[in-house]
Amino acid sequence: MTEANDGTRAGKLQLTAAATVVVGVLPYIVLKIIWLAGGSLGVENPVVVEDGGFFALNLLTFCMDLVALLVALALVRPWGRRIPAGLILLPMWVATGLLVPISIQAPLGALAALFGGAPIIPGNLVAGWVYLVVYTGFVCQGLGLTIAFVHHARHRWPPVFATRVEDGPPSPTRELQVFVARGTVLVAGILAILNLSWALGSPLGLPADVIAGRSFMFSLGYGVNAVVAIAAAAGLSIVIGRRSGRPLWVPVTLAWIGSGAMFGWSMWLMLVVLTPNGLNTGGPGSAGVVSLFTLLTGLVAGLTGAFALAERVRS
């Protein structure tokens with residue numbers, strides 16, 4: 001009876017999580033369809049809709065949200081545990097990396113705008129209500145996908161949640177993992193220091209127009225970048241080091257979110273910067289180099305952690 005009740009509660013939680021994702025995705029998808037079809041609902045400057053770069057980025061983000069819907073469905077259905085792990089892990093890694101920082105920045109930015117009177121996002125590309133709808137949707141997606149994925153992972157890969165860091169089996173690739181992890185931690189530390197310096201007001205590598213236009217959201221964004229780099233480095237160090245008695249899922253979560261955020265957001269920034277479009281409003285002079293190193297560091301951290309976990313689960 002107790003097991004049946006637990007199963008019922010878990011099933012309801014899964015359905016609620018999936019419904020939360022749908023609620024977050026649908027308004028966003030509707031807006032994307034309108035813009036892709038040439039409509040200008042919520043766009044302050046209708047000429048932007050005719051821009052090829054704007055169309056390409058909208059098509060990309062439309063496809064990304066369709067993937068989020070499919071992943072949410074797979075996470076809450078029994079057949080989702082039978083599909084290849086990579087089809088779940090890769091999109092979820094990128095999704096949590098993108099959505100967790102948004103879920104932190106959006107509420108804090110809204111409070112800053114409410115009490116400070118400054119816009120959450122400078123510029124007039126779209127109307128204010130669009131930002132409200134879109135970022136509320138992102139927060140809903142982040143919550144729903146995270147809850148559904150944790151439930152899915154606990155049933156599919158129980159060793160990650162049932163063992164301690166120090167319980168790992170002997171690894172034939174341990175020396176290589178330690179070498180790669182140390183290099184990754186070093187680069188992540190440098191990136192964290194650089195981002196933190198920008199968040200605290202350093203002009204290092206920033207053009208004059210960016211320095212003049214810095215705001216609370218600017219500092220918050222680079223502060224979050226520093227935090228996720230530290231999280232990725234700390235989580236990976238603990239997982240590979242195997243000298244801790246804490247539950248394995250704690251450092252895995254840090255490394256997962258940190259590396260995913262480093263990879264996902266740097267990839268998005270590079271796409272925006274390299275694609276002529278209305279979102280490309282300029283940025284730090286060293287943003288391209290920093291984004292490239294951040295992308296590669298997040299990718300290497302994610303792959304190293306994945307190899308280490310694969311060895312544990314298979315053993």
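Position 1 is the first residue of the sequence; numbering continues from there.
Partners of Trp157 by side-chain hydrogen bond (donor to acceptor under 3.5 Å, both in side chains), not counting sequence neighbours: none found. With sequence neighbours left out, the side-chain contact (heavy atoms from CB on, under 4.5 Å) criterion links Pro247 to Trp249, Val250. Take Trp265 and apply the side-chain hydrogen bond (donor to acceptor under 3.5 Å, both in side chains) test, not counting sequence neighbours, and it matches no residue. Residues that satisfy the side-chain contact (heavy atoms from CB on, under 4.5 Å) test with Ile104, not counting sequence neighbours, are Val100, Leu108. With sequence neighbours excluded, the residues that form a side-chain hydrogen bond (donor to acceptor under 3.5 Å, both in side chains) with Ser171 are Thr173, Glu311. Partners of Ser103 under the side-chain contact (heavy atoms from CB on, under 4.5 Å) rule, at least two apart in sequence or in another chain, are Val139. Taking the side-chain contact (heavy atoms from CB on, under 4.5 Å) definition, one finds that Ala148 meets it with Gln14, Ala17, Leu75, Val76, sequence neighbours left out.
Between Ala229 and Ala192 the shortest heavy-atom distance is CB-CB, 3.9 Å. Looking at every heavy atom in both residues, Leu145 comes nearest to Val21 through N-CG2, 3.5 Å. Scanning both residues, Trp198 and Leu204, for their nearest heavy atoms gives NE1-O, 2.6 Å. Across every non-hydrogen atom of Val67 and Pro91, the tightest pair is CG1-CB, 4.0 Å.
Counting heavy-atom neighbours within 6.0 Å of Arg81 CZ, excluding the residue itself, gives a total above 12. More than 12 heavy atoms of other residues, nucleotides or ligands shown are found within 6.0 angstrom of CZ on Phe161.
With a 4.5 Å cut-off on side-chain heavy atoms, His152 and Ile88 count as touching. Looking at Leu220 and Met217, their side chains come closer than 4.5 Å, going by heavy atoms from C-beta outward. Using a 4.5 Å cut-off on side-chain heavy atoms (C-beta onward), Met262 and Asn225 make no contact. Side-chain contact between Thr96 and Met92 is present, with heavy atoms from C-beta onward closer than 4.5 Å.
Here Val23 is tied to no hydrophobic group at all, with no ILVMFWY side chain closer than 4.5 Å.
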Donor-acceptor pairs under 3.5 Å, side chain of residues 295-305 to any protein atom, not counting sequence neighbours: which ones?
{"from": "Thr297", "atom 1": "OG1", "to": "Phe293", "atom 2": "O", "distance (Å)": "2.6"}
{"from": "Thr304", "atom 1": "OG1", "to": "Val300", "atom 2": "O", "distance (Å)": "2.7"}

Tabulate below the donor-acceptor pairs under 3.5 Å that side-chain atoms of residues 25-36 make, not counting sequence neighbours, or state none.
{"from": "Tyr28", "atom 1": "OH", "to": "Lys32", "atom 2": "NZ", "distance (Å)": "3.4"}
{"from": "Lys32", "atom 1": "NZ", "to": "Asn58", "atom 2": "OD1", "distance (Å)": "2.6"}
{"from": "Lys32", "atom 1": "NZ", "to": "Thr61", "atom 2": "OG1", "distance (Å)": "3.1"}
{"from": "Trp35", "atom 1": "NE1", "to": "Leu41", "atom 2": "O", "distance (Å)": "2.8"}

Can you give the donor-acceptor pairs under 3.5 Å from side chains of residues 234-245 to other protein atoms, not counting sequence neighbours?
{"from": "Ser237", "atom 1": "OG", "to": "Ala233", "atom 2": "O", "distance (Å)": "2.8"}
{"from": "Arg242", "atom 1": "NH1", "to": "Pro169", "atom 2": "O", "distance (Å)": "2.5"}
{"from": "Arg242", "atom 1": "NH2", "to": "Pro169", "atom 2": "O", "distance (Å)": "3.4"}
{"from": "Ser244", "atom 1": "OG", "to": "Arg246", "atom 2": "N", "distance (Å)": "3.2"}
{"from": "Ser244", "atom 1": "OG", "to": "Arg246", "atom 2": "NH1", "distance (Å)": "3.0"}

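Connection of Met64 to Phe263 is established within a shared hydrophobic cluster, with ILVMFWY side chains joined at heavy-atom distances below 4.5 Å, either directly or through further cluster members. Hydrophobic cluster membership is shared by Phe54 and Leu59, with clusters built from Ile, Leu, Val, Met, Phe, Trp and Tyr side chains linked at under 4.5 angstrom.
If you look at Phe149 and Trp256, their ring centroids are closer than 6.0 Å.
Among residues at least two apart or in separate chains, salt bridge (charged side-chain N to carboxylate O under 4.0 Å, His left out) pairs with a member in residues 152-167 are Arg164-Glu166, Arg164-Asp167.
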